[in-house]
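Everything quoted here is computed from the prediction, not taken from an experiment. Excluded from the calculations below are hydrogen atoms, water molecules and symmetry mates; all remaining heavy atoms, backbone and side chain alike, are included. Proteins get letters first, then strands, A, B, ... in listed order; numbering begins at 1 in each.
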2 protein chains.
Amino acid sequence: MYRAPVAEIAFTLKHVAGMGAALETGALGDLSEDLADAILEEAGRFASEEVAPLREIGDRQGAVLENAAVCMPDGWKDLYRRWREGGWNALSGPVEYGGQGLPAMLSVAVLEMWNSGSMAFGIGPTLTMGAVEALHAHASEELKATYLPKLVSGEWMGTMNLTEPQAGSDVGALRTRAERAGDGTYRLFGQKIFITYGEHDFSGNIVHLVLARLPDAPAGTKGISLFLVPKFLPNPDGSPGVRNDVFCASIEHKMGIHASPTCTMIYGDGFAGDREPGAVGWLVGEENRGLACMFTMMNNARLAVGIQGVAVAEAAYQKAFAYARERRQGRAPGYGGEGMAPIVYHPDVQRSLLTMKALTWIARAISYSCAHAIDMAKAGGGQAGFWQERANLLTPVAKAFSTDVGVEVASLGVQVHGGMGYIEETGAATLLRDARIAPIYEGTNGIQAIDLATRKLPQSDGGHVRAFIAELREDAERLRTSNSEGAAQSVDRIEAAVDDLEAATEALLVMLQEGRTEEALAGATPYLRLFALGLGGALLARAAVADGDAERTALCRFYAENLIGETASLRQAVIEGGMSLLAAGEALHG
Amino acid sequence: MYRAPVAEIAFTLKHVAGMGAALETGALGDLSEDLADAILEEAGRFASEEVAPLREIGDRQGAVLENAAVCMPDGWKDLYRRWREGGWNALSGPVEYGGQGLPAMLSVAVLEMWNSGSMAFGIGPTLTMGAVEALHAHASEELKATYLPKLVSGEWMGTMNLTEPQAGSDVGALRTRAERAGDGTYRLFGQKIFITYGEHDFSGNIVHLVLARLPDAPAGTKGISLFLVPKFLPNPDGSPGVRNDVFCASIEHKMGIHASPTCTMIYGDGFAGDREPGAVGWLVGEENRGLACMFTMMNNARLAVGIQGVAVAEAAYQKAFAYARERRQGRAPGYGGEGMAPIVYHPDVQRSLLTMKALTWIARAISYSCAHAIDMAKAGGGQAGFWQERANLLTPVAKAFSTDVGVEVASLGVQVHGGMGYIEETGAATLLRDARIAPIYEGTNGIQAIDLATRKLPQSDGGHVRAFIAELREDAERLRTSNSEGAAQSVDRIEAAVDDLEAATEALLVMLQEGRTEEALAGATPYLRLFALGLGGALLARAAVADGDAERTALCRFYAENLIGETASLRQAVIEGGMSLLAAGEALHG
């Protein structure tokens with residue numbers, strides 16, 4: 001059973017991701033280290049003891065649709081109630097609406113724990129928090145006063161409605177239509193698909209944020225507006241009133257996260273009785289500027305999905321590790337005990353476990369570093385622009401690399417279990433099935449890679465990414481001068497990876513400058529992985545230097561000598577592989 | 001929907017795996033090219049039109065256990081009947097028992113097609129064929145006369161009973177007991193788990209091959225005997241008679257291959273009524289030599305499971321490719337048509353598809369090459385020993401690499417589908433869930449890697465693997481002199497990969513010689529992948545030279561410039577990574 005790795009999380013936040021320094025300089029307001037520790041400790045307890053035990057029943061029962069209502073698995077409604085009564089939903093919410101206003105670093109750390117407990121549970125509140133951010137940044141004071149207190153407390157939950165059958169990665173193709181009602185409100189008509197937690201029985205109301213098009217809107221992404229559409233129209237006293245004309249028509253039968261209802265939502269089909277059809281909505285932000293508003297929500301949702309990758313990898317590692325210490329098969333060179341050796345003594349099993357551990361570790365450190373950049377940007381001051389660029393740079397990496405790692409590690413976890421891993425009751429397969437969605441939703445990992453390579457690298461004319469790479473070199477250099485055992489070899493390997501990252505970065509910047517866009521697009525996916533692996537080496541070096549812990553130093557060495565070397569071939573693929581890809585790709589057009 | 005790639009399969013058999021030359025020299029008996037082509041064509045039709053359409057219903061309904069009987073999904077029993085009436089089960093069976101005695105190369109090629117149609121279907125007959133081989137090689141004439149005609153025709157099916165709860169990879173730990181009945185037969189008592197097709201309604205009888213221990217047997221693997229235990233004891237006329245004391249107690253609820261019943265089999269629990277308890281069995285081969293007999297069956301089963309990896313990868317590629325040509329999103333630089341571009345025009349999607357295609361291609365070519373070696377060894381003559389070593393060398397590579405590729409390609413297939421890939425009705429997830437068992441069963445991929453690195457490399461004091469590597473160099477060199485466009489760069493990359501393979505091979509041989517076993521075990525998994533990637537490059541070079549087909553040459557170049565480079569880091573991990581792995585691994589012992 002999952003136990004939240006509170007000590008490792010706290011160490012990574014403070015000594016790798018930058019929370020230590022940020023606490024000292026006051027960039028995190030009046031948050032104290034003691035308070036941070038207490039929050040992590042208590043979240044760890046709740047995630048381990050209350051969320052994780054409901055993961056498997058969630059998978060088996062799933063969310064069930066009956067008469068346009070979604071029934072959640074046994075115990076889940078009560079779990080959500082206890083969770084929000086514990087104040088967890090309000091952790092990062094704005095103080096003026098009842099939130100605790102705590103930094104992103106803390107909220108991603110506890111989010112990791114909820115998702116290790118159960119990804120299907122963790123994803124629901126993530127959307128509420130995204131809705132809070134979007135409304136706080138863009139909605140009118142009246143909307144904020146009505147909705148934010150309840151969304152911050154978790155009494156109501158939020159959703160994000162972008163996708164339509166013909167509009168997935170290409171959100172500009174959406175057709176849902178919004179008409180001005182003449183009284184300042186709007187009426188929405190259309191169908192949205194893949195709406196996470198679009199309907200459920202957790203909360204008294206559900207607040208949908210919906211992208212739609214006004215009748216006179218320009219085509220494409222410049223004609224999209226954002227609307228707030230509640231399931232129940234609030235009464236003057238704020239309580240849920242009349243049922244709005246938005247209904248869940250079906251929920252998807254998915255590979256995993258069965259307890260997370262993925263809904264097809266129908267707006268304005270007249271299901272709400274004798275009123276005129278049309279879902280009543282309120283504009284958020286300005287007309288035709290909806291995409292910008294939604295991006296507020298999406299960027300943080302991307303990091304939150306990255307955290308899901310970290311979370312499921314951590315849960316898979318713990319499960320496989322526990323099994324490998326119990327399960328005995330054969331003789332192992334290093335085992336001196338009686339009878340068959342626990343399989344954790346077999347070097348090949350150790351390779352699987354250490355690979356899982358190292359990848360999980362670096363995905364976590366990258367994601368927390370991204371949260372740190374968000375916090376520093378929010379803190380303002382002369383460095384705010386720099387930190388915003390840093391957050392922009394790291395967000396696609398945190399999302400895509402961590403979710404790839406989630407799948408890779410969960411798959412290795414199944415393998416470590418042998419035949420038992422393929423049996424559903426073991427629970428290892430659940431983690432792999434759950435993990436598989438994260439590289440897809442919130443912008444596929446291909447979209448993230450393209451975002452990194454073509455939009456984030458050119459920030460400050462390439463100056464930001466170059467400065468970032470220089471920082472990685474400093475981390476490696478500090479490990480060299482730390483005199484820790486075996487460090488020289490590790491440092492050489494980490495530096496070689498940073499060299500690969502630098503060369504591939506410069507090559508991409510040249511391609512973009514010279515208008516060789518297709519070649520840059522062709523190299524995007526290997527570039528993102530190269531970026532993450534190189535960065536991961538630097539972060540492990542930083543960790544090894546921080547306290548010289550023998551286990552972490554050994555993990556750094558293992559990573560440097562066994563895994564980071566992949567960067568050389570990724571560099572090759574980015575710099576020289578594009579033309580052969582495009583040539584071979586032509587045969588696919590058919 | 002899956003269409004068997006008959007032309008590509010025939011090309012790979014003839015021009016890459018060696019069937020062309022073998023046909024010419026008569027090593028394949030009186031098989032003609034025309035007959036081979038006709039068989040492939042007809043198998044392709046059956047797999048595409050009859051097997052594949054039942055894949056999804058198999059997944060949804062699964063095999064269901066009721067009162068110790070297993071009911072197969074709708075249409076499956078009839079599918080099996082038509083399949084065996086088509087003569088497909090008898091393809092490779094011995095001629096003297098009604099088989100066609102066709103070479104392994106043909107039987108793996110058609111096996112690929114059945115498994116692309118449905119892995120859950122393909123695995124059943126695979127076990128029957130394994131039973132045929134084991135009985136043909138080791139059973140008494142009387143047993144052969146009774147069982148082989150029906151097993152060859154497919155009227156009866158076979159199973160393989162090794163695993164027990166405490167004995168998985170370590171088969172020597174098994175406890176099922178066999179007692180001499182005094183009349184030449186035996187009585188078996190015990191429990192076997194994970195028995196594929198242990199019970200079903202396809203055939204009138206089920207013939208279990210069971211590993212068990214005699215009361216006076218030595219401990220470990222030297223005290224294991226092989227028994228034949230039929231579900232129904234044959235009457236004197238050969239028809240199924242009295243029900244034997246072997247029953248299916250439960251079937252597993254698995255991640256995939258739902259229609260393949262995975263059974264817990266109970267031997268000798270007295271369920272069969274008023275007779276004395278004990279499942280009636282007959283010895284196959286000699287007492288205490290059962291493992292050697294079982295290995296006959298296991299080796300070919302390993303190649304057959306490797307073929308499952310190829311098969312599911314092919315099905316996943318076709319599905320993703322078809323989707324990518326239909327689905328439209330966004331604009332793509334290379335698309336000149338109206339509106340949104342089919343996503344196959346996006347370079348990043350092309351990268352996914354080409355990676356899937358290249359990996360599937362090399363896994364197929366490796367597996368067919370392994371089958372070729374088996375055929376050449378069977379053909380006898382002065383080279384039989386050489387070809388047996390070749391088959392030994394390639395079997396673990398074909399099994400492990402191809403099944404890893406199955407998972408990797410099926411996962412990419414889900415990704416290419418975006419959100420639709422995660423919806424079960426799409427069928428992309430089915431392929432990934434199915435694929436995930438293949439790296440586990442028939443010896444986990446870790447076991448295969450250890451087999452390759454510690455048992456197969458030392459064949460002929462390393463002479464065999466060295467000669468093999470020299471052959472790979474010749475393939476690369478031939479491409480260099482072929483003057484095909486862009487070949488020079490590809491050849492350089494392929495040769496670099498062969499250099500990596502050679503260096504890692506020599507390093508492993510030294511480790512083994514010096515008794516550094518743990519280090520060799522630590523490097524086994526990266527070594528196997530390195531071996532396959534290097535070999536794959538040489539085989540693609542061979543294909544490019546064979547007919548200069550532009551599409552295949554472009555694929556070779558894509559592979560050489562984008563994928564094969566991984567060998568450099570794998571070489572590093574094998575040669576230098578072991579010590580850091582073992583050091584970090586100590587922390588895991590706990």
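Ranked by heavy-atom pairs under 4.5 Å with chain B, the list A/Gly256, A/Gly421, A/Gly523, A/Ala554 is led by A/Gly256. The greatest number of non-hydrogen atom pairs below 4.5 Å with chain A, out of B/Glu519, B/His253, B/Glu561, B/Glu252, is found for B/His253. Here A/Gly419 is the residue among A/Ser490, A/Gly419, A/Gly172 with the most heavy-atom pairs under 4.5 Å with chain B. Between chain A and the options B/Val349, B/Leu353, B/Leu555, B/Leu432, heavy-atom pairs under 4.5 Å are most frequent for B/Leu432. When A/Gly578, A/Ala332, A/Ser569 are compared by the number of non-hydrogen pairs under 4.5 Å with chain B, A/Ser569 comes out ahead. Of all the listed residues (A/Glu425, A/Glu566, A/Glu551), the one sharing the greatest number of non-hydrogen pairs under 4.5 Å with chain B is A/Glu425. Counting heavy-atom pairs under 4.5 Å between each of A/Gly330, A/Ala428, A/Gly339 and chain B puts A/Gly330 at the top. Contact tally against chain A (heavy-atom pairs below 4.5 Å) for B/Ala583, B/Ala568, B/Ser411: the top residue is B/Ser411. Among B/Thr163, B/Leu582, B/Val414, the residue with the largest count of heavy-atom pairs under 4.5 Å with chain A is B/Val414. Each of B/Val171, B/Leu354, B/Thr444 has some count of heavy-atom pairs under 4.5 Å with chain A, and the biggest count is that of B/Leu354. Ranked by heavy-atom pairs shorter than 4.5 Å toward chain A, the options B/Ile437, B/Thr525, B/Ile423, B/Asp348 are led by B/Ile437.
For B/Glu408, no part lies under 4.5 angstrom from a heavy atom of chain A. The part of B/Phe194 that comes within reach of chain A is its side chain, from C-beta onward, which places non-hydrogen atoms under 4.5 angstrom from that chain. For B/Gln572, the parts lying under 4.5 angstrom from a heavy atom of chain A are both the backbone and the side chain. In this structure, chain B has heavy atoms under 4.5 Å from both the backbone and the side chain of A/Met420. In this structure, chain B has no heavy atom under 4.5 Å from any part of A/Ala324. With a threshold of 4.5 angstrom between heavy atoms, A/Ile450 approaches chain B through side-chain atoms but not through N, CA, C or O. Only the backbone of B/Ala167 comes within contact range of chain A, with at least one heavy atom under 4.5 Å from a heavy atom of that chain. Contacts of B/Val574 with chain A are absent, with no heavy-atom separation under 4.5 Å from either backbone or side chain. In this structure, the portions of A/Ala522 lying under 4.5 Å from any heavy atom of chain B include both its backbone and its side chain. Using a 4.5 Å cut-off between heavy atoms, B/Arg433 contacts chain A through both its backbone and its side chain. Contacts between B/Thr517 and chain A at a heavy-atom distance below 4.5 Å are absent for every atom of the residue.
Looking only at atom types and distance, the side chain of A/Asn445 has a donor-acceptor partner in the side chain of A/Thr403 under 3.5 Å away. Residues B/Arg328 and B/Tyr335 bring a donor and an acceptor atom of their side chains to less than 3.5 Å of each other. For the 3.5 Å distance criterion, the side chains of A/Arg351 and A/Asn562 qualify, holding a donor opposite an acceptor. Inspection of the A/Gln415 and A/Ser352 side chains reveals no N or O donor paired with an N or O acceptor under 3.5 Å. Side-chain contact check for A/Lys254 and A/Thr262: at least one donor-acceptor pair (N or O, by modelled atom type) lies under 3.5 Å.
Within the 3.5 Å criterion, the main-chain N or O of A/Ile257 finds no donor-acceptor partner in the side chain of A/Ser260. A donor-acceptor contact shorter than 3.5 Å links the side chain of B/Lys192 to the backbone of B/Leu162.
Rounded to the nearest 0.5 Å, atoms CG (A/Leu521) and CG (A/Leu581) are 10.5 Å apart. The distance from atom CG of B/Asp404 to atom CD of B/Gln448, rounded to the nearest 0.5 Å, is 10.5 Å. Rounding to the nearest 0.5 Å gives a distance of 6.5 Å between CG of A/Leu412 and OG1 of A/Thr355. For the atom pair A/Cys556 SG and A/Leu540 CG, the distance stands at 5.0 Å (nearest 0.5 Å). We find the CG-OG1 distance between A/Leu174 and A/Thr221 to be 10.0 Å, quoted to the nearest 0.5 Å.
By the side chain to side chain donor-acceptor pair (under 3.5 Å) test, B/Asp492 pairs with B/Arg480, sequence neighbours left out.
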